[in-house]
Amino acid sequence: MRRYFGRKLLVYGLTFFVAVTINWMVPRFMPGDPVSSMVARTGASNPAAAETMRVYYTGLFGLDQPIWQQYFNFWATLFQGDFGISIWAFPTPVSEIILGAVPYTLALMIPAILLSWVVGNWFGAYAARRKALDNAVLPIGYILTAMPYMWLAVLLAWGLGVVAGLFPVAGGYSFSTRPNWSWDFFLDLLHHWTLPFASLFLAALGGWAIGMRNMIIYELESDYSNYLSALGAPQRLIRRYAFRNAVLPQITGLALQLGVLVAGALVTEIVFSYPGLGSLILKAIQNQDFFLLQGTFLFIVLGVLIANFIIDIVYVVVDPRTRAGMAGAQA
Amino acid sequence: GEPTPNTQNTQAGNPSAVNPANPNSLPRHETLYTSGTQWGPPANFNAIREWDYATGTEGLVYESLFHFDPNTSKLVPWLAQSGSWIDDKTYEIKLRPGVTWSDGKPFTAKDVVFTLELGKMETVPYHNIWEWIEKAEAVDDQTVKVTFSTANYQEWDFQLYGRAIVPQHIWQGRSEQEVLDGKNENPVGTGAYTYMSHDQDRVVWQRRDDWWGKTALKMEPKPKYIVDIVNSSNEVAMGLLLQKGMDLSNNFLPGAANLVKGNFGISTYYPEPPYMLSANTAFLVLNTTKKPMDDPAFRKALASSINTKQIVEGVYGNLVKPASPTGLLPQWEQFIDQSVVSQSGFTYDVAKAKKLLADAGYRDRDGDGLVENKDGSKINLNIIVPSGWTDWMEAIRVISASAKEAGISVTPDFPDFNALVDKRSKGDFDMLINNERQLSNSPWTYYDYMFQLPIQKTQNTVNFGRYENKELWKLVQQLDQVKTDDVEGMKKVISEIQKTHLEELPIIPLWYNGLWSQVSNTTWKNWPSSVGNAPKTAPTMWRNWMELGGFETLTQLQPNAS
Amino acid sequence: MTALQEVPAQDAQAPAVVRREALHFALRNGKLVTGLAIVLFLLLLGLLGPVLIGGTPNAYGTRPMQPPSGEHWFGTTTFGQDVFTQFVHGLRTTFAVGALGGGIAAVIGMLVGFVAGYRGGLIDEALNMFTNIVLVIPTLAVLLIINAYLGVRSVGAQALFIGLTSWPWAARAIRAQTFSLRTRDFVDLARLSGANTWKIITREIAPNMSSYLFMTFILLFGGSILIASSLDFIGLGPTEGISLGLMLQNANQWSAMQLGLWWWFIPPGAGITAVVGALYVANVGLDEVFNPKLRET
Amino acid sequence: MLKLDNVTKVYRVGAFGGKTLTAVGDVSFDVRPGEVVSLIGESGSGKSTIGKMILGLTPVTGGSITLDGVPVAPGKEYYRHVQGVFQDPFSCYNPVFKADRVFQMIKEAYYPGVSAKDWAVRVNAAVRDVRLDPDQVLGRYPHQLSGGQLQRLLIARALLLDLKLLIADEITSMLDASTRIDVLNLLAELKERGLGVLYVTHDLSLGTYLAERTVVLRHGRVVEMGETDKVFGNPLHPYTRQLLAAVPRLHASWEEAEPVTDCPYHRGEASGGLFEAEEGHFVACARLESCPE
Amino acid sequence: MSLRVSDLKVYYKTLKGQVKALDGVSFEVGDREILGLAGESGCGKTTLGKSLIRMDGRMRHIGGTVELDGEEMPIGDDRRMNAFRFHEVSLIPQYSMSALNPTRKIGKMVAELLHSRGVALDAGKLRGRLDAVGLPHEVLDRYPIELSGGMKQRVVMVVSTLLDPSLLIADEITSALDVSTQKAVAGALAAFRDDGLVKSMIFVTHDLSLTYQIADTIMVMYAGKLAEKAPAKEIVEAPRHPYTRLLINSLPEVGVRYADRKLTGIAGSPPSLLNPPKGCRFRDRCPLAFAQCEQEPPVVEVAPNHSVACWKA
Ligand SMILES: Nc1ncnc2c1ncn2[C@@H]1O[C@H](COP(=O)(O)OP(=O)(O)OP(=O)(O)O)[C@@H](O)[C@H]1O
Ligand SMILES: Nc1ncnc2c1ncn2[C@@H]1O[C@H](COP(=O)(O)OP(=O)(O)OP(=O)(O)O)[C@@H](O)[C@H]1O
Ligand SMILES: [Mg+2]
Ligand SMILES: [Mg+2]
């Protein structure tokens, strides 16, 4: 057990290290200097003033230090929770911007991921080996998984937003309100949340349903199912067992899919200009704000890692096989 | 209840039960929703950061001594009651009495001097005025006297209306870093609005009912609240506009022509092409240090090969106008010397381009339909615009195609913005498009942008093409020192500049970018328009445009009762 | 990207029988036939369409914003570009990205999967860790950064990026399969016949799971198309030419939705959905053909 | 010819190889040309592991294995002389290819120069040697052939080489009684041709049918070994007796053998030499006077 | 008579046609009797076992009846068969190693299984049975993965016989085991019968010598038909069917050596069951075959409890 988690932690630690390093490295070795574009944007017409500003900002972002020093500084400040200052929203600290966006992303992602997983699995399990239902669930599932995230989002926005006018198609809450603890504001939030959520939920739903259906069919054909049938156990029990076992790979599947879902949330947020991390990433890219980019990226890596870790733990708890495996290879 | 407040509260006279000082829901009929200026979260309210302060920081909160009316080309007294040159090197400003800061303190000449002297800090963007200003002093509470070492009249006028005055009693003692990088939350200004709240995606301004202009200028901006929405994208802006969630969109909305023509309740300044006022000129910048762009003949041939019409019609759907060969904006029409233009100007003419090339010795030697350098080496030019700037990306595709017709090989390329800036400032490019100079009080700002010398190692904001012509630069400096009321004097110098410009053509004007502005009449009416006696001010909230008429537009709005 | 999770090792009992039966079931499998028919139709359209229709997809026309008509089957864009012309050209790009990206991912996935599964031990541990790292890093984010900063904007480069990042799940699945195959005696027998690792992998193990590999490739193919369309959509697509994702991006950027130009954004999305969906459906069909357990009795 | 000297195999098991498992410990015996040695033991006693080590399919942890005095070096040359046939004939063939691909692989590796025609002649000869009709078995898929046929084809494959030693690992346990005996007879004929055969089985009756000498294995260690007649005629070790008793016989019902007592040798823990109880009959057992217990 | 099978025909539906895996088999199994079922691979042993408890999707009940304790079992009707399963007929499958749900503790699984069949769990009885096969009670609290193969096999044996079925079918449960384990498992099975936990048993294997050890009666099948059925001792000592004889002759005994006595196998291979030849199916391989073998030999009781299907018997 210890060893298992030790190894997992090692992998996660390494992943984190590599991801953060890549993410630190990439912008720094790319062409173009963020400071000069920043200076260019200030429109300082006087060359001398521009030069002073350049020196000033280079110092401010620590870009005048040797590259290895920058790298160490980066880690050092990172552990102090300091992600640097955003260029795009200068002079707001990156952490502040991210913290402002995270609640939106989480509010979108967590329900979408969990609900689509639960509902999808339920549908898939229910449809497996039931001909009529199967024939309905499968095609719908496939269409949903094959749809590009943003197209589904665009369709929803167009159909339910622009044409039907039922839902707003932009923003996290109305521009005429300001955040407060009132029922109206909550409804307003919900109203804006519905379409992005629906598009994420629907897009992920099909995959889970199909995956579950296939797994369940496999389980229903397995030896233990046959044995139970031979002993006359009712379908209900057999299905229940099959479901339980089929859900396990789906849990791993969830871990595998997290990255993809994060990406999906990104384009969805962009379509609905929902104020989450996805929009931030796009902005950071468009504005060459690599401190912000690093921050958001780091946050996502952390989120995915933590989620994966939780999934790993859950998996160990629910699947006795992994536990036995951890004790050593000998059964 | 109904959670879309767009439709809520529209019945007039709703006493709006919420506390007006801290309303959770702004009454629609008293609120103006705008967008198109702010591309990032409103991160600072620092009037010194004139490139990225939250929309309205200058104009709504901080004000300048004068405004400038592009229609009459005159300075309009604002915080200053008047200003005049008492001799060739001394300017005296008389301030308006009775103006107070929003914290109740009186506005005095000390504030003006303080603001000018802030520029002595090296990193303050107007630091360079101290190269030609000798001193600024407060003669009394209402009088400021500025003494010049070199009287740059044109540039001084630009400062007079462009510089936001900050309160000395608050800014005093701020370090250089704070002045440059401070957020300046809860800004205290003399303007008609105060800060109310902001979030990632918006900033909200609230009208000041004790604003001095109400009596002194007989002006009152009508919206009680102004919400500036952060741009996420053009399409979102268009969506909001169509859903009546926005009143004034200063975004570039592709297809705006259709909005105007269709029955959407959306209008623009002109009801027909080009729909928008012109705001700046898009130039094709040539790197004159490289072959063959160092050859005026080649540059002129290139200019003749560009099918600007197709850009205007195809890419922009007539939302823009082709530029005059001089590049001067329509507002400066009087300064364009038509005789020079007719003699040395250029138009799209493939045959002429070919002839110019042939005459200058650029011939197609290998029969690939593309000309080679005089020494026989291949010509292979790149033209760059930032990746993601869709309209420009389309535009350079057109340029590339039409240049090819004339036999010039031009390949469009779309580097990242950062990379482009890097190349641009280092002079590591062939051609690019740039429009960073806006309309101003004087064509001098344009010529300064085009021909400024000396060339630095990095050219960050001006003369990207590194065109070195000392004579021409002398003329530009000479123009700066012509008094702004001496129109004839200005014309004379400008005509000379134009002659050289068109003969040498180191930078090719292409089209006038519009003062993008789409308005909805649902909540507010009487928007500026070319039609009838509607106001003729600039319908915009763009930074640095509030003083060019943007603020006046707000004062002319009327609530739409229906 | 979904259906093929780590399905427990396939019953490779006598695939030759399976193969013989395969054709029989393949021809009778509605899913496979329909899926393949759609894919083939679209592929042909993508291959032949541009040749037959001719013209450049981005050429400006004289009649902007026209709804579908006899002249412009799918209508025109804001610039008067013919949406149908763009569509067929875009299909071609889309298939190219799918084939290339999916191909690269399949090659890497197979390489890693085979080597890890066959060699086992430390090599397996190392490759596993590597796979995990690539898996956990949100690839789109990495793609975003790399793409944005490198400024490489060609279909090939895009496919390369996609290929380089989307292989991990395939590697895992193949590794599991290889793991179960490598203990089969015929692998030992091949070694006794003097075959080296490479030969064993390519000539013994791979042919044995050819149907599985093929299905993996199909899923990677579809996945690549989807990722590419996302990239195109957020402005990281190829700068030259046209793809279905770029069409969507253009439609979105030029406010087709708000202006009611539905014919501009419906076809590209429907095209992607049709290609990927048909591939997936064909894949289920294949799965049923090769895996009798899934067949409906 | 083949000689095992204190051969040991330790597997690393568990995550990151945290634990070890001694599958084979200190095993020494030899196989001479023209001799069948049977290796007998229950499941998990390390029989296959020994076979794999000899075949070079798994590395040796300790001790040495030599062929004609030369340490084994798995590779083309070695496999020219030493080949194996495994328990499950069905899994020995790659099911997607025709069965005669096993011959083709030999040709590719060892006889690339031989013409297709000559090769066909040789294959036919080898197939006839194992008493199969080439017309019936060649050109077919594995699933179209019976286990016995497949097993014999594998032997034919080995015969194509210049074979000295054949490792036959439980080659009959998956076969029907009637086919089984055919395969056993075939092994016996090979022996007569001068080949050495290591015959691995858990069924003593099969071992005695063929083997000159027998090695009884338990928990990876040799408990008794020697000439087959002596080992079975006079089983000294209780474990051997127990194994013998467990063999189902046709005409006699199962007899009860004394249970194996808890002696370190039986548990496979202690290492130590074998005692030569009589000439050519070695045993490791507590019951012997010489036993330390 | 515990089990009476008359003229049972079960075919497999395949693409190429029907595989006549069980083509008219009749036999009886008495109370407290263990019937050993032997025969070459593919002769229909598993098919017979499955027919008696649960047919898979491809099997078709073509004809014949099965009576258990005087009651006819609706073997072709999956639904109605359910009443018999577990209670009356039970099975120890060949795949015992994987027959237990890997994610349920064994005790819990047993409880749920019993509950679903409407039987209250008798904990004492369960423990008693575990003791009988030598399993510690803790196994109930373990997951299958935590048990060795032999333990799992014994757990399955206990579970399958928990309701004291009248008939127990054990299909090749020993063929993957080494001789000593075989002996232990077979012993446990015999003990079930001896203790009266099951009334009768069908023990399927291809190993005649093993069957001989525990079966009372041995039935030899050949190509979907019964070849010979007789008490164990009789069939081994005085086989009447040439196939049985050849089969027995091919079995090496301990001590028999190649050098001394060369055993022989049966030449040829069994016919395809897709289109089995008319007449005696062993004809082609039979050394005694003669003209009459063109007709199908009837099953004749040549001695008490000894039936043979051969013209020469
Ligand atoms: N690759 C391996 N890794 C770890 N342990 C192994 C490995 N192969 C075999 N073992 C272990 O080594 C021991 C001996 O295995 P081996 O296969 O040699 O036994 P065997 O006598 O051939 O048994 P059987 O009769 O079942 O084939 C067993 O405990 C087995 O679990
Ligand atoms: N699912 C199936 N579909 C078609 N034919 C089948 C199927 N299962 C078995 N058969 C055929 O039915 C016949 C009898 O098979 P069965 O499994 O009953 O034989 P068996 O005596 O149990 O053989 P073994 O000793 O190999 O287990 C064989 O010829 C076999 O090929
Ligand atoms: Mg073995
Ligand atoms: Mg069977």
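In what follows, chains carry the letters A, B, and so on, assigned in the order in which the sequence lines appear, proteins first and then strands, with residues in each chain numbered from 1.
Looking at E/T264, only its backbone comes within 4.5 Å of chain D, counting heavy atoms on both sides. The contact between D/S43 and chain E is made by backbone and side chain atoms together, counting heavy-atom distances below 4.5 Å. When heavy atoms are compared at a cutoff of 4.5 Å, D/E192 approaches chain E solely by way of its side chain, counted from C-beta outward. When heavy atoms are compared at a cutoff of 4.5 Å, E/Y258 approaches chain D by way of both its backbone and its side chain. With a 4.5 Å cut-off on non-hydrogen atoms, D/Q136 does not touch chain E at all. Only the side chain of E/I214 comes within less than 4.5 Å of a heavy atom in chain D; its backbone stays farther off. Contacts of E/S269 with chain D are absent, with no heavy-atom separation under 4.5 Å from either backbone or side chain.
Judged by distance alone, with hydrogens and angles left aside, the side-chain atoms of E/R257 form a donor-acceptor pair with the main-chain N or O of D/A211 at under 3.5 Å. When atom types are taken as modelled, the side chain of D/E42 and the backbone of E/V179 share no donor-acceptor pair closer than 3.5 angstrom.
Enclosure of atom NZ in E/K312 by more than 12 non-hydrogen atoms of other residues, nucleotides or ligands within 6.0 angstrom is indicated. A 6.0 Å sphere centred on NZ of E/K13 holds no more than 12 heavy atoms belonging to other residues, nucleotides or ligands. For D/K191, the NZ atom counts as densely surrounded, since its 6.0 Å shell holds more than 12 non-hydrogen atoms of other residues, nucleotides or ligands. Taking a 6.0 Å sphere around CG of E/D56, one finds it holds more than 12 heavy atoms contributed by other residues, nucleotides or ligands.
Rounded to the nearest 0.5 Å, atoms CZ (E/R261) and OH (D/Y209) are 8.0 Å apart. The CG atom of E/L251 sits 8.0 Å away from atom CD1 of D/I181, with the distance rounded to the nearest 0.5 Å. With rounding to the nearest 0.5 Å, the separation of CZ in D/R180 from CG in E/D207 is 6.0 Å. With rounding to the nearest 0.5 Å, the separation of CG in E/D178 from CD1 in D/I40 is 12.0 Å. Taking CG from D/D176 and NE2 from E/H206, the interatomic distance works out to 6.5 Å, rounded to the nearest 0.5 Å.
In terms of heavy-atom proximity, D/A246 sits nearest to E/S180 at CB-CA, 3.8 Å. Across D/L250 and E/S209, no two heavy atoms sit closer than the pair CD2-CA, 3.8 Å. Considering all non-hydrogen atoms of both residues, D/R249 and E/Q213 come closest at O-NE2, 2.6 Å.
For the options D/L244, D/N185, D/L204, heavy-atom pairs under 4.5 Å to chain E are most numerous at D/N185.
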